[in-house]
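In this chain, residues are counted from 1 in sequence order. Hydrogens, waters and symmetry mates are skipped; everything else that's a heavy atom, side chains included, is used.
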Amino acid sequence: MTIRLYDTSARQIRDFTPLTPGCVSIYLCGATVQAAPHIGHIRSGLNFDILRRWFTYRGYDVTFIRNVTDIDDKIIAKSAEQGRPWWSIGYENERAFNDGYHALGCLPPTYEPRATGHITEMVEMMRGLIERGHAYEADGNVYFDVRSYDGYLELSNQELDNLLQPSGEGETGKRDPRDFAMWKAAKPGEPSWETPWGRGRPGWHLECSAMAHKYLGTAFDIHGGGLDLIFPHHENEIAQAKAYGDEFARYWLHNAWVTMANEKMSKSLGNSVLVSEMTKAWRPIVLRYYLGTPHYRSMIEYSEEALREAESAFARIEGFVQRVVEKAGGPVEPAAEVPLAFAEAMDDDLGVPQALAVVHTTVRQGNSALAADDKEAAIARLAEVRAMLGVLGLDPLDPHWAGEGDRGEDLHGVVDTLVRLVLQQREAARARKDWPAADAIRDQLQQSGLVIEDSPDGPRWTLGPR
């Protein structure tokens with residue numbers, strides 16, 4: 001068994017060898033909390049949640065860090081625009097992100113550090129870089145000297161002479177326009193912290209280098225994030241950390257975007273789809289299926305039609321699960337091991353689409369067993385399906401998804417009672433051979449979004465795709 005992952009820095013799929021046998025350390029760039037999350041933001045959390053679950057299934061002890069950037073230019077701009085404290089905006093949106101992660105079934109991180117809680121570590125890192133000749137102070141700002149680090153731009157594969165480094169307002173005193181800000185001098189009315197170089201606030205890149213060092217040490221296994229972070233963020237993280245003396249991340253994994261009209265989903269483009277609104281219109285487990293089952297390095301083009309297809313595909317899985325549970329007379333425990341083909345797909349750069357094909361094949365085999373009234377085979381297939389869905393975070397029998405809402409479980413019981421009363425009327429019509437009345441009842445139920453199936457054990461209902 002060898003897990004293989006596409007390493008952005010190597011530009012190829014590599015065998016994964018952990019720093020510490022049996023352990024995996026992961027740092028994921030998390031939320032910048034200037035606004036509530038759209039589904040593009042949450043995709044990254046979902047992809048790395050599945051990676052984490054697979055490592056855990058393979059027997060690794062996983063330490064998973066997902067940071068919160070709670071201070072940056074955009075948060076400060078929102079504060080001025082709305083007339084609210086920066087920390088109020090940050091905390092409100094941090095909670096919205098965590099609500100989104102939870103709604104879509106992401107396991108909580110081992111630690112979730114905030115940038116503003118680690119100013120001491122940032123000052124220590126800047127002091128060390130200045131002493132080593134990799135950084136300098138100018139006008140209260142602290143800049144990283146990109147020419148002082150020979151490996152700069154190896155991750156993004158750019159040429160230094162062609163580089164256009166993003167710069168913010170007030171970044172004065174640079175020796176080279178390509179140098180980037182680690183610390184920004186205080187401006188009137190903005191949040192600031194005291195340092196040996198005057199009051200100011202951290203630059204975005206410094207935050208992650210310092211927090212990764214704090215929680216994972218001088219070297220760790222995997223650093224993750226979206227494709228848009230490769231430059232400048234991840235490139236600058238590497239420069240700071242390695243110039244400071246850290247080995248830093250050994251593998252770099254990047255997930256692709258969710259797009260609309262072939263553009264990256266973003267608030268600046270006005271094409272975002274907020275998670276809080278999406279979970280009102282779609283079941284969260286369906287959203288997880290939609291966002292989590294394409295390959296993490298493949299773009300997802302958002303559309304209502306694609307979501308409906310995901311809903312229908314998951315309904316086929318869920319319907320099988322429900323039918324076997326009814327046939328078995330109670331819950332069926334997940335198998336101890338997933339099928340070999342599923343494991344091989346997941347080991348090969350987290351090949352979720354190929355792994356999902358194994359799930360659907362197993363569901364079809366289970367349905368055939370049900371049709372043949374082979375209870376034992378159907379139960380065996382369900383055990384395999386539950387094991388696979390558990391890895392993907394999509395097991396409908398997992399307590400997390402029970403009811404999918406504060407009163408979902410209670411409401412299901414109410415609906416079940418009402419539907420069964422109507423089905424009894426349909427059975428009475430069938431018994432007296434009043435076929436038009438029986439068909440009319442079935443059609444009315446289907447128009448309400450219910451699917452009615454006549455089985456040897458009597459009629460049963462499920463929610464149909466919208």
Side-chain angles (χ1 to χ4, degrees), residues 1-30 43-67 106-107 109-111 151 154-157 208-209 211-213 215-227 229-230 233-235 237-238 241-242 246-256 292-298 336-359 387-388 390-393:
M1 179 274 294
T2 301
I3 294 176
R4 306 178 72 238
L5 299 169
Y6 183 86
D7 180 6
T8 304
S9 61
R11 294 172 187 80
Q12 63 179 347
I13 294 177
R14 298 173 54 203
D15 289 351
F16 176 75
T17 304
L19 276 167
T20 303
C23 299
V24 179
S25 47
I26 303 173
Y27 185 94
L28 174 64
C29 284
R43 183 190 182 184
S44 180
L46 271 175
N47 289 151
F48 284 90
D49 181 66
I50 294 172
L51 177 68
R52 174 192 187 177
R53 288 170 182 265
W54 183 243
F55 273 124
T56 300
Y57 171 82
R58 280 305 198 191
Y60 288 95
D61 181 9
V62 181
T63 300
F64 182 62
I65 311 299
R66 186 182 66 211
N67 78 293
C106 293
L107 300 171
T110 310
Y111 305 110
E154 287 182 356
L155 181 69
S156 57
N157 198 29
C208 285
S209 297
M211 288 187 284
H213 179 92
Y215 291 93
L216 297 177
T218 60
F220 57 97
D221 292 308
I222 296 170
H223 196 311
L227 281 174
L229 300 182
I230 294 175
H233 187 48
H234 288 166
E235 196 73 77
E237 277 189 66
I238 293 171
K242 292 197 171 183
D246 289 357
E247 182 183 343
F248 209 50
R250 301 178 69 242
Y251 297 82
W252 286 86
L253 272 64
H254 292 93
N255 63 277
T293 53
H295 194 274
Y296 75 94
R297 291 193 285 119
S298 299
E337 295 184 359
V338 298
L340 178 60
F342 181 95
E344 289 176 342
M346 294 295 287
D347 282 340
D348 187 11
D349 194 31
L350 212 65
V352 173
Q354 294 78 16
L356 190 65
V358 180
V359 174
M388 293 185 281
V391 167
L392 300 176

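A salt bridge does not link Lys242 with Asp246: every distance from a Lys NZ or Arg NE/NH1/NH2 to an Asp or Glu carboxylate oxygen is 4.0 Å or more.
The minimum heavy-atom distance linking Gly390 with Arg53 is given by the pair O-NH1, 3.3 Å. Across all their heavy atoms, Ala212 and Phe248 have their closest contact at CB-CE1, 3.8 Å. Scanning both residues, Ala256 and Arg43, for their nearest heavy atoms gives O-NH1, 3.1 Å. For the pair Asn157 and Arg11, the tightest heavy-atom approach, listed with the atom from each and the gap, is CB-NH2, 2.8 Å.
A 6.0 Å sphere centred on CD of Glu337 holds no more than 12 heavy atoms belonging to other residues, nucleotides or ligands.
In summary, the side chains of Asp349 and Tyr296 do present a donor paired with an acceptor at a separation below 3.5 Å, with no hydrogens or angles considered. A donor-acceptor pair shorter than 3.5 Å can be found between the side chains of Glu237 and His223. Between the side chains of Glu235 and Ser156, a donor-acceptor pair is found at a separation under 3.5 Å.
Between the CG atom of Leu216 and the OG1 atom of Thr110 there is a distance of 9.0 Å, given to the nearest 0.5 Å. Between Asp348 atom CG and Leu5 atom CG the span is 9.5 Å, to the nearest 0.5 Å. Atom CZ of Phe342 sits about 10.0 Å away from atom CG of Asp347, to the nearest 0.5 Å. In this structure, CD1 in Ile3 is found 5.0 Å from OH in Tyr60, a value given to the nearest 0.5 Å. The CG atom of Asn47 sits 9.0 Å away from atom SG of Cys106, with the distance rounded to the nearest 0.5 Å. Interatomic distance, NE2 of His295 versus CG of Asn255, reported as 11.5 Å (0.5 Å rounding).
Here the side chains of Cys29 and Cys208 are in contact, with some heavy-atom distance below 4.5 Å. No side-chain heavy atom of Val24 sits less than 4.5 Å from a side-chain heavy atom of Phe220. The side-chain heavy atoms of Phe48 and Phe64, taken from C-beta on, include a pair separated by under 4.5 Å. Using a 4.5 Å heavy-atom cutoff, the side chains of Val352 and Trp54 are not in contact. Counting only heavy atoms from C-beta outward, the side chains of Ile26 and Thr63 never approach each other to under 4.5 Å. Residues Phe55 and Ile222 meet the side-chain proximity criterion, which asks for heavy atoms closer than 4.5 Å.
For the pair Arg297 and Tyr6, the cation-pi test (distance below 6.0 Å, angle within 45°) is passed.
Ring geometry for Trp252 against His254 counts as parallel: the plane angle stays under 30°, on a 0 to 90° scale with 60° as the upper cut.
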Anything under 3.5 Å between a donor and an acceptor, one on a side chain of residues 14-23, the other on a protein residue two or more places apart or in another chain? List them.
residue : atom : partner : partner atom : Å
Arg14   : NH1  : Asp7    : OD2          : 2.6
Arg14   : NH1  : Arg250  : O            : 3.1
Asp15   : OD1  : Arg4    : NE           : 3.0

*Passes side chain to side chain contact (heavy atoms under 4.5 Å, CB included), Thr8 versus Tyr251? Steps please.*
CA-CA 8 Å; Thr8 304; Tyr251 297 82; over 6 Å; no
_Applying side chain to side chain contact (heavy atoms under 4.5 Å, CB included) to Met346 and Leu392, what does each step give before you reach the verdict?_
CA-CA 10 Å; Met346 294 295 287; Leu392 300 176; 4.3 Å; yes
*Decide yes or no on side chain to side chain contact (heavy atoms under 4.5 Å, CB included) for Ser44 and Leu28, but give the supporting numbers first.*
CA-CA 9 Å; Ser44 180; Leu28 174 64; 3.6 Å; yes
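Side-chain N or O atoms of Tyr57 include one that pairs as donor or acceptor with a backbone N or O of Val338 at under 3.5 Å. Thr56 places a side-chain N or O within 3.5 Å of a backbone atom of Arg52 that can act as its donor or acceptor partner.
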